[in-house]
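These values consider heavy atoms only, across backbone and side chains, with no hydrogens, waters or symmetry-generated copies.
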Amino acid sequence: MSPEVKDQVHRDDEAWRGEPLPRGRHKLATEEVRASQRERLIRAMLETVAESGYESTTVPEVVARARVSRNAFYEFFTDKTDCFIAACDEEADELLGVLLAFAAEPDWAQMMRRGVGAYLRWWAERPALLRAYFIGLPAAGERAIAQRERAYARFRVLFAGAGRRARSEQPDLPPLEEFIPRLLVLAITELVAEEVRAGRTDRIPELEDAIAFTAIKLLADDDTARRALAI
């Protein structure tokens, strides 16, 4: 892994709240102990995959990094793929929660524009997760690919909902073609993945205007997209 990627992962480390539990006797509840262990294992899995790639990542490396016992790992996960999928699922849940908050925007096009910006910044602020998800996931086998398809389906629902809202606010728009949400999910995901593969993770937010314009245009029309970006 290049020094630049290592620096990015290490910057992620600084924000990690999953510190080891205090040694010896403590007053933490069992639920707190287990939650802390699971959080550290998930974070360690993502960081190790980001640094070494999925295929080279091993359970002993992950438990050492998380400072959790091997037995504890297998209390939570059946194998490294199970842990990796759980990590990706949790991150997808967090991202979707961020995007759903934009539903309160009074204008659907501004909802889309601001949502696209938040989506890109969310990824750019998590370089280790970026590499793990966009580079590690495709190498993790059928179960991991199924996880990605589940995430894609949820994002398709978001775009389809935006299309319906657009037509409620702009009744003159023609019916939305069913393939548009699918096209947007695949195109945006691959654009981000391309930046990750090229080592341009810091430039991902620069895609905001182009992606927002294209998404609004496909969900509505050129005029709506131009007005949204002019505000």
Novice: Heavy-atom distance under 4.5 Å between the side chains of R131 and V196, does that happen here?
Specialist: yes

Novice: Any salt bridge linking R200 with E206? Criterion: basic side-chain nitrogen under 4.0 Å from a carboxylate oxygen.
Specialist: no

Novice: Run the side-chain donor-acceptor check on residues 98-109: report pairs under 3.5 Å with partners two or more places apart or on a different chain.
Specialist:
{"unit_1": "E105", "atom_1": "OE1", "unit_2": "R114", "atom_2": "NH1", "d": "2.5"}
{"unit_1": "E105", "atom_1": "OE2", "unit_2": "R114", "atom_2": "NH1", "d": "3.3"}
{"unit_1": "D107", "atom_1": "OD2", "unit_2": "A109", "atom_2": "N", "d": "3.0"}
{"unit_1": "D107", "atom_1": "OD2", "unit_2": "Q110", "atom_2": "N", "d": "2.9"}
{"unit_1": "W108", "atom_1": "NE1", "unit_2": "Q170", "atom_2": "OE1", "d": "2.6"}

Novice: Quick check on salt bridge (Lys or Arg N to Asp or Glu O under 4.0 Å): which of D79, D89, D82 does R143 satisfy it with?
Specialist: D79

Novice: Verify the cluster assignment for L207 and V116: are they in a single hydrophobic cluster under the rule of side-chain heavy atoms below 4.5 Å apart?
Specialist: yes

Novice: Hey, is R43 close enough to E90 for a salt bridge, meaning N to O under 4.0 Å?
Specialist: no

Novice: Answer yes or no: is there a side-chain heavy-atom contact under 4.5 Å between V63 and Q37?
Specialist: no

Novice: Does the gap between the ring centers of F159 and F155 come in under 6.0 Å?
Specialist: no

Novice: Taking the side chain as C-beta and beyond, is there a heavy-atom pair between F73 and V68 under 4.5 Å?
Specialist: no

Novice: Could you see if L95 belongs to whatever hydrophobic cluster contains I211? Use Ile, Leu, Val, Met, Phe, Trp, Tyr and a side-chain cutoff under 4.5 Å.
Specialist: yes

Novice: Would you please name every residue forming a side chain to side chain contact (heavy atoms under 4.5 Å, CB included) with Y152, sequence neighbours left out?
Specialist: R148, E149, R156, V185, L186, T189

Novice: Applying ring-ring contact (aromatic ring centres under 6.0 Å, His included), name anything that partners F134, two or more places apart in sequence or on another chain.
Specialist: W123

Novice: Less than 4.5 Å apart, side chain to side chain, heavy atoms only: is that true for E94 and W122?
Specialist: yes

Novice: Before accepting this row, confirm whether a basic side-chain N of the pair R165/E169 lies closer than 4.0 Å to the acidic partner's carboxylate O.
Specialist: yes

Novice: So, do V59 and C83 sit near enough that their side-chain heavy atoms are less than 4.5 Å apart?
Specialist: no

Novice: Do L41 and Y74 sit in one hydrophobic cluster, given that two such residues count as connected whenever their side-chain heavy atoms are within less than 4.5 Å of each other, even indirectly?
Specialist: yes

Novice: Compute whether any side-chain donor of one residue and acceptor of the other, for S168 and R164, lie under 3.5 angstrom apart.
Specialist: no

Novice: Quick one: CE on M111 to CG on L158, what's the gap to the nearest 0.5 Å?
Specialist: 8.5 Å

